[in-house]
Number of protein chains: 2
Amino acid sequence: MKKEAQSTPESTILNAAKGIFQRKGMAAARMQEIADEAGINKSMLHYYYRSKQLLFEAVFKSAFSTLAPQLNEIINADNSLFDKIINFTQNYISFIVKHPYLPNFIIQELNMNPEFVEKLFSEKMPNIDKFRKQIENDVKDGLIKPIKAEQLFINILALNVFPFVGAPLIKGFLNLDDDDFLKLMHERKIEVSNFIINAIKI
Amino acid sequence: MKKEAQSTPESTILNAAKGIFQRKGMAAARMQEIADEAGINKSMLHYYYRSKQLLFEAVFKSAFSTLAPQLNEIINADNSLFDKIINFTQNYISFIVKHPYLPNFIIQELNMNPEFVEKLFSEKMPNIDKFRKQIENDVKDGLIKPIKAEQLFINILALNVFPFVGAPLIKGFLNLDDDDFLKLMHERKIEVSNFIINAIKI
DNA sequence: ACATTTGTTAACCATTTGGTTGAACTAAAT
DNA sequence: ATTTAGTTCAACCAAATGGTTAACAAATGT
């Protein structure tokens, strides 16, 4: 075997930990289970990451720094508002279909550890001024109906993120199997951007 | 003290358990903590509810049966589509502001125990046929743009439920304190229904 | 009054869990 | 060859956790 990607012990452990933590959450995850998944002795976990808490934080940061840039696209990309909505929706849904546990994991642990929020956002605070300017200009130019940047941002996030976080609820209410559900999600790659654009365009 | 509402030992325990379980989740909740919150001995928990699992299920069912009727309004209420959207949005947001931990708790535990889904929905399966008919008729009558009932249902749910589930994420990205956030949520009682109606009306 | 059921408690128990230790093993550096 | 630093593991440990027990108190029925 050549050197596939990079496979240091650290990365082996981190990947195993990602799988377990993201599927079961911090509280329900077991160090032994992570060790098994990584195919190593439990002591190694503590050797490379001192404690469960630190291992968890490494996993969480890694997960968060995967998701955050995606969301940043909304407020920082340079294209027009409608293009932005179309692109983000396309990209985000494709992205999450590949990482189905990500958004739920992040949201869940963020709800459990509210102190994470300030820690994560204190360093590189996102700035919505650019996005707000864009909205205000488009409103002034008569391109879209008046709407607060914050509300539009929340709506874009909600329409794209929620279906994956609330998947079991949706599957239950609409009586969908995994296949039906995935089909609906792929439809949403155009459905959602149309919906948003129709909602705001004049 | 007269008999306030009803305060059987069972209900005292259940209420304490609700608080702890909904705030910390099944895995992180401790039986001792629930006992303390209820002001009773830990053995009482096992006396009235046999195990942590059963106590948890009682809490979950109670929580779910509080939330489910709210969501059922969308697919079963008798009013016109636009009224339905307006009413649901108003009611749901007011409802959740009073029960902030509910949707996150349900969604989280549903994600952790996918087998709950069939158990919960097998008895009283929701039926979207009525809602689907309504959409199809309104489309035929030229009242709204073509849209699948499933997609519209997901969108309504997303726009209303997500902001509360993803609150920490939103607060972080938009740099909001609790007060700003709550203000935005109250704005959404009309904002969201306008948004949806604009998106679909012709 | 007595017996039986129901409710309540402190002490206890077995298991699980995160974490530690010390010895063995490796591989480069001296 | 010997030291030295890093790596791996089996065995171990203390604390926590869900759950049980046995004795005791309070109702409840007869």
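To find a chain, count down the sequence lines: A is the first, B the second, and so on, and within it residues start at 1. Reckoned from all heavy atoms, side chains included, excluding hydrogens, waters and symmetry mates.
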Exercise. Could you state the interatomic distance from CZ (B:Phe21) to OH (B:Tyr101), rounded to the nearest 0.5 Å?
Worked result: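 Result: 16.0 Å between the selected atoms.
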
[options]: which one has an atom nearest the side-chain heavy atoms of [X]?
X	options	answer
B:Ser51	D:dG19, C:dT8, C:dG18	D:dG19
B:His46	D:dC9, D:dG19, C:dT8	D:dG19
A:Tyr48	D:dT8, C:dT8, C:dT9	D:dT8

Round to a whole Å and report the spacing from [atom1] of [X] to [atom2] of [N].
X	N	atom1	atom2	result
A:Gln53	C:dT17	CD	P	18 Å
A:Lys42	C:dG19	NZ	P	9 Å
B:Ile20	D:dT17	CD1	C1'	15 Å
A:Phe56	C:dG18	CZ	C1'	16 Å
B:Asn41	D:dA23	CG	P	17 Å

NA contact type, [X], heavy-atom cut-off 4.0 Å: base, sugar-phosphate, or nothing?
X	answer
A:Tyr49	nothing
B:Met44	base
B:Ala35	nothing
B:Ala29	sugar-phosphate

Exercise. Under 4.0 Å: is that the gap between some side-chain N or O of A:Tyr47 and OP1 or OP2 of D:dG6?
Worked result: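 Indeed not, no polar side-chain atom of A:Tyr47 lies that close.
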
For this session: Please check the phosphate of D:dA16 (OP1 and OP2 only) for any side-chain N or O of B:Arg30 closer than 4.0 Å.
Result: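 It does not, given that no N or O in the side chain of B:Arg30 lies less than 4.0 Å from OP1 or OP2 of D:dA16.
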
Main chain of [Y], side chain of [X]: is a donor-acceptor contact present, judged purely on distance under 3.5 Å?
X	Y	result
A:Lys130	A:Asn76	yes
B:Thr89	B:Ile86	no
B:Lys145	B:Ile200	no

Exercise. Can you find a donor-acceptor N/O pair under 3.5 angstrom joining the side chain of A:Lys52 to the base of C:dG19?
Worked result: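 No pair found.
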
Exercise. Would A:His186 and A:Lys189 count as a side chain to side chain donor-acceptor pair (under 3.5 Å) if you check the C-alpha gap in whole Å, the side-chain angles of each, and the deciding distance to 0.1 Å?
Worked result: CA-CA 5 Å; A:His186 282 296; A:Lys189 281 191 268 191; 3.1 Å; yes

